[in-house]
Participant: 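Quick one: structure below, then a few questions.
Chain A is the first sequence line, chain B the second, and so forth, proteins listed ahead of strands; every chain is numbered from 1.
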Amino acid sequence: MVRVRFAPSPTGYLHIGSARTFIFNWLFARRHGGTMILRLDDTDVERNTQASVDSIFDGLKWLDLSWDEYYRQSDRLQMHTEAAEAILAKGLAYRDFTPMTQPSDDKPNEGGAAWLCNPEMRELSKDESDRRAAAGEPYVIRYRVPRDAGRVVTFTDEVYGEQSKSTADIEDFALLRSNGLPTYHMASCADDADLRISHIIRGQDHLTNTFKHVLIFEALGYEPPKFAHLPLLIAPDGAKLSKRRHGPVVSVTTYRDAGFLAQAYVNFLCLLGWSPKDDREKLSREELVAVFGFEGVNRSNAVVNFSDEDPIDAKALWLNSQHLYAMTIQELAAALKPVLEGAGYTVEDDYLLKVAPLIQERIKTLNDAPAVADFFFLTELAPYDPAELIPQKGDAAMAARALDMAVSTLETAEFTHDGLDAALRAAAVELGVKAGQMFQPIRVAVCGRKNAPPLFETLEVLGRDVCLPRIRRAIELLK
RNA sequence: GGCGCUAUCGUCUAAGGGUUAGGACAAGGCCCUCUCAAGGCUUAAAUAGGGGUUCGAAUCCCCUUAGCGCUACCA
């Protein structure tokens with residue numbers, strides 16, 4: 001039975017790297033008919049915030065990612081503490097009464113040898129330890145990492161393969177803090193054991209921590225789950241993504257607010273550090289579930305490509321456009337409606353259904369829609385430069401003639417794609433100008449700009465009652 | 001400093017002993033075309049460096065270099 005968990009600590013917004021970790025867990029669970037667990041690792045009371053919890057839920061909701069079970073570590077503290085006490089009772093851990101060092105002078109062992117343990121505390125007699133604890137002296141419980149036998153801790157990572165580390169290189173890490181709260185290592189392992197997690201899928205920054213976790217599982221008398229570590233997402237400068245250094249690009253809500261489709265963003269994130277091993281780039285959620293596996297996961301960190309000028313990875317944008325093109329008109333219209341309304345336009349469903357196909361392959365994000373489709377919704381066109389009405393290799397007089405001809409043609413033409421096509425082309429021939437020279441002034445008159453969807457469809461959707469006044473107005477502007 | 005991990009076009013990646021080292025994004029060009037897109041074709045662009053092993057190495061081994069991670073009573 002596959003049971004996986006995503007265990008963020010609620011100390012910030014939902015980071016895109018965290019989102020990717022959730023997605024890989026989720027994909028793995030869905031692929032194997034397993035259980036997805038969301039667990040808030042909130043043992044650090046100093047740094048947890050409700051705002052962060054909200055941001056995590058917000059982000060996951062937008063990405064449309066679900067979970068089957070939900071826990072908070074803060075609700076399970078007693079179990080963690082008991083687990084730590086049990087390890088102490090077994091003699092596999094000991095009390096360390098060393099006063100907490102000041103957080104200010106904490107450059108970790110810079111230049112020096114690795115800190116392993118304080119032998120005085122490690123070798124404290126049980127009587128002495130019990131006496132001092134009973135007297136109320138504060139202490140932390142440390143794991144007594146086996147040192148004598150030259151032991152090597154090993155595990156097999158599903159992504160990184162065989163891993164081993166000598167216990168001589170593992171320090172006596174803390175299990176329980178002097179305030180009685182468990183450390184991350186303790187709480188995480190106790191929960192993973194208690195929740196019968198089958199696969200721990202998490203960032204590679206935990207790869208070396210895993211040796212400690214294997215030791216804890218062992219002390220707990222629990223067979224360690226399988227581990228799969230994921231390469232990290234990093235910035236173009238090689239540093240890990242941080243809000244302070246890199247800004248909003250690290251937060252998933254940024255992409256939601258930029259008009260991304262959740263499925264496209266999920267697709268993009270999956271392609272960072274994982275590959276389906278064929279040449280597919282655009283994959284639907286179902287396709288991802290069908291092919292996701294650890295064999296496709298890379299071992300080197302992936303760069304999210306952004307810059308100050310282009311804050312969003314170009315490939316993410318391209319993938320989004322691919323998903324946009326793949327949508328049905330109904331789906332597209334539904335996604336577009338709130339965006340268009342947000343821009344202040346009144347949007348009728350039937351009308352939107354006709355507009356949507358015309359802008360579908362002209363937008364890369366939903367947010368592009370208001371600018372691309374404005375003339376479909378504006379009662380009065382925004383001011384434009386009348387010079388735009390003048391076609392290539394033409395002059396104002398030619399533009400005026402074309403527009404005059406357009407008016408008379410459109411007064412009687414059948415307002416369908418084919419009808420307009422035939423009528424306007426015939427008009428161009430009659431005028432003795434190229435089709436493009438005829439169409440360009442009309443396009444600008446009707447759309448207010450040179451770049452727009454194909455003319456006949458556009459006129460058809462807009463209708464005669466909107467087109468004729470706009471063209472007459474353009475003729476005025478030309479004078 | 002110690003320990004661990006990693007290294008293919010600018011970026012995401014494929015190839016895991018024998019390939020002209022493939023694809024995608026981005027960039028350039030051409031085609032299509034009523035503009036813009038979309039689409040098609042195309043150009044440029046990579047195995048970090050050095051040693052081995054082998055008939056043959058991007059691929060296996062070692063060293064160097066670089067990057068990242070861990071080295072907290074953070075997670």
Side-chain angles (χ1 to χ4, degrees), chain A residues 7-11 41-44 46-47 96 98-101 103 106 108-116 138-142 157 160 163-166 168-171 173-185 187-188 203-212 229 231-232 234 236 238-240 268 271-282 296 298-306 310 313-319 321 325 359-364 372 391-392 421 424-425 428 434-440 442-444 447 449-456:
Chain A
S9 65
T11 54
D41 279 10
D42 55 352
T43 53
D44 184 0
E46 307 283 304
R47 303 198 305 153
D96 180 350
T98 311
M100 204 189 312
T101 48
D106 65 353
N109 312 308
E110 184 146 334
W115 179 90
L116 286 176
Y139 60 84
V140 317
I141 293 181
R142 284 187 189 286
D157 190 273
Y160 288 87
Q163 301 294 315
S164 62
K165 186 168 184 170
S166 166
D169 294 316
I170 303 174
E171 75 283 0
F173 52 95
L175 261 22
L176 203 67
R177 298 183 255 217
S178 55
N179 63 5
L181 293 175
T183 60
Y184 158 74
H185 301 301
S188 176
Q204 188 244 39
D205 47 343
H206 287 297
L207 191 64
T208 19
N209 285 333
T210 306
F211 296 105
K212 296 173 189 170
H229 287 89
L232 268 18
I234 57 176
K240 75 187 216 182
F268 170 67
L271 259 19
L272 294 172
W274 173 83
S275 158
K277 306 253 182 193
D278 51 32
D279 287 340
R280 282 181 294 174
E281 302 283 340
K282 178 194 165 282
N298 274 329
R299 284 167 295 275
S300 51
N301 294 344
V303 173
V304 179
N305 205 8
F306 62 85
D310 300 299
D313 193 308
K315 192 152 189 172
L317 237 23
W318 174 79
L319 268 173
S321 67
Y325 305 155
I359 65 171
Q360 186 163 30
E361 48 188 37
R362 290 175 178 76
I363 53 174
K364 282 190 159 20
V372 171
Q392 285 278 304
D421 189 332
L424 289 173
R425 280 186 198 281
K434 286 188 183 169
Q437 292 175 312
M438 175 82 195
F439 301 160
Q440 193 65 0
I442 303 175
R443 186 193 322 284
V444 174
C447 303
R449 75 177 99 89
K450 285 179 176 172
N451 300 341
L455 189 63
F456 311 133

Participant: Could you check whether A/P454 gets within reach of a base, just the sugar-phosphate, or nothing at all, counting any heavy atom under 4.0 Å?
Facilitator: base
Participant: From the list B/G69, B/C73, B/U8, which nucleotide is the closest neighbour of the side chain of A/S300?
Facilitator: B/U8
Participant: Say you draw a straight line from NZ of A/K450 to CZ of A/R443; how long is it, rounded to the nearest 0.5 Å?
Facilitator: 11.0 Å
Participant: Counting neighbours of NZ on A/K282 that are heavy atoms of other residues, nucleotides or ligands and sit closer than 6.0 Å, is the number greater than 12?
Facilitator: yes
Participant: Please determine, for the side chain of A/S178, which listed nucleotide (B/G10, B/U35, B/C73) has the closest atom?
Facilitator: B/C73
Participant: Report the residues that fulfil salt bridge (Lys or Arg N to Asp or Glu O under 4.0 Å) with A/K212, sequence neighbours left out, ordered by chain and then residue number.
Facilitator: A/E171
Participant: Determine the interatomic distance between P on B/A14 and the same-named atom on B/A7; round to the nearest Å.
Facilitator: 11 Å
Participant: Is the shortest side-chain N to carboxylate O distance from A/D278 to A/R280 below 4.0 Å?
Facilitator: yes
Participant: I'd like the P distance from B/U47 over to B/A58, given in whole Å.
Facilitator: 11 Å
Participant: Quick one: which of B/C12, B/G69, B/C73 gets closest to the side chain of A/K315?
Facilitator: B/C12
Participant: Nearest to the side chain of A/A174, which nucleotide is it out of B/G22, B/C73, B/U13?
Facilitator: B/C73
Participant: Distance check, C1' atoms only: B/C31 and B/A38, in whole angstrom units.
Facilitator: 14 Å
Participant: Using a 4.0 Å heavy-atom cut-off, does A/N451 contact any base of the nucleic acid, only the sugar-phosphate backbone, or nothing at all?
Facilitator: base
Participant: Using a 4.0 Å heavy-atom cut-off, does A/R142 contact any base of the nucleic acid, only the sugar-phosphate backbone, or nothing at all?
Facilitator: sugar-phosphate
Participant: Quick check on RNA chain B: between A/S164 and A/E361, whose nearest nucleotide comes earlier from the 5' end?
Facilitator: A/S164
Participant: How is A/F456 classified with respect to the nucleic acid when contacts are heavy atoms under 4.0 Å: base, sugar-phosphate, or nothing?
Facilitator: base
Participant: Heavy atoms only, 4.0 Å cut-off, all strands: where does A/K434 land among base, sugar-phosphate and nothing?
Facilitator: nothing
Participant: Kindly say if A/R449 contacts the phosphate of B/U35, meaning a side-chain N or O under 4.0 Å from OP1 or OP2.
Facilitator: no
Participant: Nearest 0.5 Å, please: how far is CZ in A/R47 from CG in A/D42?
Facilitator: 12.0 Å
Participant: Side chain of A/T183 only, please: which of B/G23, B/A75, B/A37 is the nearest?
Facilitator: B/A75
Participant: Can you tell me the distance, in whole Å, between the CG atom of A/N301 and the P atom of B/G69?
Facilitator: 8 Å
Participant: Under 3.5 Å, is there an N or O donor on one side and an acceptor on the other linking the side chain of A/R299 and the base of B/C5?
Facilitator: no
Participant: For B/G23 and B/U43, measure between their P atoms and round to the nearest Å.
Facilitator: 10 Å
Participant: On a whole-Å scale, what distance lies between the C1' atoms belonging to B/A48 and B/A66?
Facilitator: 8 Å
Participant: Describe the nucleic acid contact of A/A452 in one word from base, sugar-phosphate, nothing, applying a heavy-atom distance below 4.0 Å.
Facilitator: base
Participant: Just checking A/T11: base, sugar-phosphate only, or nothing, at a heavy-atom cut-off of under 4.0 Å?
Facilitator: nothing
Participant: Whole Å only: how far is the CG atom of A/D279 from the P atom of B/A24?
Facilitator: 7 Å
Participant: Would you indicate which nucleotide in B/C68, B/C34, B/C74 comes nearest to any side-chain atom of A/R177?
Facilitator: B/C74
Participant: Looking for any heavy atom pair under 4.0 Å, which part of the strands does A/N298 touch: base, sugar-phosphate only, or nothing?
Facilitator: sugar-phosphate
Participant: Quote, to the nearest angstrom, the C1' distance that separates B/C32 from B/C25.
Facilitator: 23 Å
Participant: Rounded off to whole Å, could you give me the CZ-to-C1' distance for the A/F268 and B/C25 pair?
Facilitator: 10 Å
Participant: Does A/K364 put a side-chain nitrogen or oxygen below 4.0 Å from OP1 or OP2 of B/A38?
Facilitator: yes
Participant: How long is the span from the CZ atom in A/F173 to the OG1 atom in A/T183, to the nearest 0.5 Å?
Facilitator: 8.0 Å
Participant: Tell me what A/P99 touches on the nucleic acid: a base, only sugar-phosphate, or nothing, going by heavy atoms under 4.0 Å.
Facilitator: base
Participant: If I pick the P atom on B/U71 and the same atom on B/U64, what distance separates them, to the nearest angstrom?
Facilitator: 25 Å
Participant: So, does the side chain of A/T208 form a donor-acceptor pair with the base of B/C70 at under 3.5 Å?
Facilitator: no
Participant: Between atom CG in A/L207 and atom C1' in B/C70, what is the gap in whole Å?
Facilitator: 9 Å
Participant: For A/T98 and A/D96, test the side chains for any donor-to-acceptor distance below 3.5 angstrom and give the result as yes or no.
Facilitator: yes
Participant: Suppose we define a pair by two distances each less than 3.5 Å, Watson-Crick or G-U wobble; what does B/C25 pair with here?
Facilitator: B/G10
Participant: Under 4.0 angstrom, heavy atoms only, what part of the nucleic acid is A/L455 near: base, sugar-phosphate, or nothing?
Facilitator: base
Participant: If you check every side-chain atom of A/W318, which of B/A26, B/C34, B/C73 has the closest atom?
Facilitator: B/A26
Participant: Do the side chains of A/F439 and A/K434 get nearer than 4.5 Å, heavy atoms only?
Facilitator: no
Participant: For A/F439 and for A/V303, find the nucleotide of RNA chain B with the closest heavy atom, then tell me which residue's nucleotide is more 5'.
Facilitator: A/V303
Participant: How long is the line joining CD1 of A/I234 and C1' of B/C5, in whole Å?
Facilitator: 13 Å
Participant: Please name the nucleotide paired to B/A44 by Watson-Crick or G-U wobble geometry with both distances under 3.5 Å, or report none.
Facilitator: none
Participant: Remember a base hit wins even if backbone is also touched, and classify A/P453 as base, sugar-phosphate or nothing at under 4.0 Å, heavy atoms.
Facilitator: base
Participant: Side chain of A/E171 only, heavy atoms from C-beta on: which candidate in B/C73, B/U71, B/U13 is closest?
Facilitator: B/U71
Participant: With heavy atoms under 4.0 Å as the rule, sort A/Q437 into base, sugar-phosphate or nothing.
Facilitator: nothing
Participant: I'd like to know if A/E281 reaches the base of B/G23 with its side chain such that a donor and an acceptor end up less than 3.5 angstrom apart.
Facilitator: yes
Participant: What nucleotide among B/A75, B/C68, B/C5 has an atom nearest to a side-chain atom of A/R47?
Facilitator: B/A75
Participant: So A/S275, base contact, sugar-phosphate only, or nothing? Heavy-atom distance under 4.0 Å.
Facilitator: sugar-phosphate
Participant: Looking at B/C36, does its base get a donor-acceptor pair with the side chain of A/K450 below 3.5 Å?
Facilitator: no
Participant: With heavy atoms under 4.0 Å as the rule, sort A/K282 into base, sugar-phosphate or nothing.
Facilitator: nothing
Participant: What interatomic distance, in whole Å, is found between C1' of B/U20 and the corresponding atom of B/U54?
Facilitator: 23 Å
Participant: Mind checking whether A/Q163 and A/L207 have side chains closer than 4.5 Å, heavy atoms only?
Facilitator: yes
Participant: Partner lookup for B/C34, please. Criteria are Watson-Crick or G-U wobble with both distances under 3.5 angstrom; report none if nothing qualifies.
Facilitator: none
Participant: Contact between A/L271 and A/L319 at the side-chain level, heavy atoms closer than 4.5 Å - yes or no?
Facilitator: yes
Participant: Classify the side chain of A/N209 versus the base of B/A75 as yes if they form a donor-acceptor pair under 3.5 Å and no if they do not.
Facilitator: yes
Participant: Is any side-chain N or O of A/K277 under 3.5 Å from a base N or O of B/A14, one able to act as donor and the other as acceptor?
Facilitator: no
Participant: In whole angstroms, how far is the P atom of B/C5 from the NE2 atom of A/H229?
Facilitator: 13 Å
Participant: Using purine N1 to pyrimidine N3 plus N6-O4 or O6-N4 for Watson-Crick, or N1-O2 and O6-N3 for G-U wobble, each under 3.5 Å, what pairs with B/C70?
Facilitator: B/G2
Participant: Check this one for me: any side-chain N or O of A/Q163 less than 4.0 Å away from OP1 or OP2 of B/C5?
Facilitator: yes
Participant: Let's test this: given Watson-Crick or G-U wobble pairing with both distances under 3.5 Å, identify the partner of B/U54.
Facilitator: none
